[in-house]
There are 2 protein chains.
Amino acid sequence: MDVSGTASSETAKQVAGGAEPAAATRARGRRQGYATGDARRARILNIALQEFGENGYRGTSLARIAERAELTQAGLLHHFRSKQELLTAVLDLRDSMDAERLDLSNLPDGGEPALRALVALVEHNARKPGIVQLFTVLTGEAVTTDHPAHAWARERYRLLSTSITTALRHGTESGELRADLDPEACGRQVIAMMDGLQLQWLLDPEQMDMAAVFRTYIEGLLGQIRA
Amino acid sequence: MDVSGTASSETAKQVAGGAEPAAATRARGRRQGYATGDARRARILNIALQEFGENGYRGTSLARIAERAELTQAGLLHHFRSKQELLTAVLDLRDSMDAERLDLSNLPDGGEPALRALVALVEHNARKPGIVQLFTVLTGEAVTTDHPAHAWARERYRLLSTSITTALRHGTESGELRADLDPEACGRQVIAMMDGLQLQWLLDPEQMDMAAVFRTYIEGLLGQIRA
DNA sequence: GTCTATAAGAGGATAGAC
DNA sequence: GTCTATCCTCTTATAGAC
């Protein structure tokens, strides 16, 4: 059931900063102009991230998150005024975690470096089923136009798409890649391949080595588009 | 909890019934051992298909479906004993609609014919956003292990995967495709590309010509794997 | 085959005490 | 900052009349 079990402890560290005494956290929080209770917030966020990933937005209840965070639902709503606000915070958190590894809006320049960076990202993701699932489940839900994450998802794809497209275009312009390559279509394809493989991998992890299949794809693609 | 089992082809035929007089339908139903009220059932199924596609399984209520089908929730539950049973019937319906166009478990033999058949399927799908969305939303939700459609989705991918893999393998064996092609990995990639492009297309239809991008991909792939 | 009525519960959100 | 208590709505499913 707990698909993201391994990921959780690591993510907690990234956000919470460990088992610091609450008083110290509070004091520093005030100095830096934060609201107090950062550790609490971080704990809630990490639990929410797991729950949204495991059951989707609609399938997750505030009560369940509150229970796991060891406070009441009303207490939770003190930190996040609504379920939707909590979701937004979780999505921001996920984006910032990605950014630590690889700034998707600023890929290495040139075709081959950019594509190899993506291979590294997929290899990284293959060790983080929880995070991948959060993304896959929410993006699927968000296809619905009135879903609270719809705008987030659309924006994310536009950003990612232009990022890859730009890197590829630079490759064609520098002569690294074939001049007749369509950078936009190619970029969309690469993103689609990442998402599609994630889906198959999550549904049936034993059936596929996601990172290996993606690497094979990129190798083939490079052989095809190199000048 | 078994979603992938029973009901299958019977439900499909019931739905195809259309605007036949109710009395005739009922009489034939009795002869063939169906429950009566086929037209009603079909109407419910088609509405449920729309609703599940628009809001996902969790986001859809029986009351809403009943309202659109012009009966009460209790009346609806006379035809389908539970929400899950209704979902199962909808999934069977969707599969049978696909089958009308292209039997995915029995693709044309050989690499190029099979891949070209998939291009035709994607072109067809690009004109059916509702059906594509049902699939995308439910598959995303179904990543969760305890989702009622989880087994259905996993089974569907296994089937589809072996189907494409088989066609490609025949291609390598007949000398049509390069001997060093990995049919399994390649098959998984093709499926992933279809799913990933669907996702981007649904989120932002104006941003992409799904069929064109997929065709480009397949052309490039063919150039790469042909012997 | 369809209805009304209702059980039995979970959902999100708010008010006010401490 | 967290609690209890409560509200109101929505959910799935069942019972029994017609």
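For the numbers below, each heavy atom of this structure counts, side chains included, while hydrogens, waters and symmetry mates do not.
- We find that CZ of A/R41 is positioned 12 Å from P of D/dT2, with the value rounded to whole Å.
- Under 4.0 angstrom from either OP1 or OP2 of C/dT2 there lies at least one side-chain N or O belonging to B/R40.
- At whole-Å resolution of the value, CD in A/E85 and P in C/dT14 are 11 Å apart.
- Applying the side-chain contact (heavy atoms from CB on, under 4.5 Å) rule to A/A149 yields the partners A/L87, A/L91, A/A142, A/H147, A/W152; only residues at least two apart in sequence or on another chain are considered.
- Regarding B/F80, its CZ atom lies at a distance of 14 Å from the P atom of D/dA13, rounded to whole Å.
- In this structure a side-chain-to-backbone donor-acceptor pair under 3.5 Å is missing from A/K83 to A/L77.
- If you measure from atom CD of A/E51 to atom P of C/dG11, you get 11 Å, rounded to the nearest angstrom.
- Every stem involving DNA chain D, taken as at least 3 paired positions in a row under the Watson-Crick or G-U wobble test at 3.5 Å, is listed here: C:1-10 with D:9-18, C:12-18 with D:1-7.
- Using a cut-off of 4.0 Å between Lys/Arg side-chain N and Asp/Glu carboxylate O, B/R58 and A/E141 are scored as not salt-bridged.
- When distances are taken from the side chain of A/S82 to each of C/dA13, D/dT14, C/dG11, the shortest belongs to C/dA13.
- When rounded to the nearest whole Å, the span between NZ of B/K83 and P of D/dT11 equals 8 Å.
- Between C/dG11 and A/S61, a contact under 4.0 Å exists linking OP1 or OP2 to a side-chain N or O.
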Please walk me through it: do A/E51 and A/R68 pass salt bridge (charged side-chain N to carboxylate O under 4.0 Å, His left out)?
CA-CA 10 Å; A/E51 289 292 327; A/R68 287 191 50 196; 2.8 Å; yes
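- Heavy atoms from other residues, nucleotides or ligands lying under 6.0 Å from CD of A/E67 number 12 at most.
- The A/L62 side chain lies nearest to C/dA13 when the options are C/dT14, C/dA13, D/dA13.
- Between the B/N125 side chain and the B/K128 main chain, no donor and acceptor come within less than 3.5 Å of each other.
- Within the structure, a side-chain polar atom (N or O) of B/T72 is placed less than 4.0 Å from OP1 or OP2 of C/dC3.
- Using a 4.0 Å cut-off between a side-chain N of Lys or Arg and a carboxylate O of Asp or Glu, A/E70 and A/R43 qualify as a salt bridge.
- The separation between B/L76 atom CG and D/dT14 atom P is 13 Å, rounded to whole Å.
- Atom-to-atom, CD of B/E67 to C1' of D/dT11 comes out at 15 Å; the value is rounded to the nearest Å.
- Residue B/H78 has no polar side-chain atom (N or O) positioned under 4.0 Å from OP1 or OP2 of D/dT14.
- Residue B/A74 is the one, among A/A74 and B/A74, whose nearest nucleotide of DNA chain C lies closer to the 5' end (criterion: closest heavy atom).
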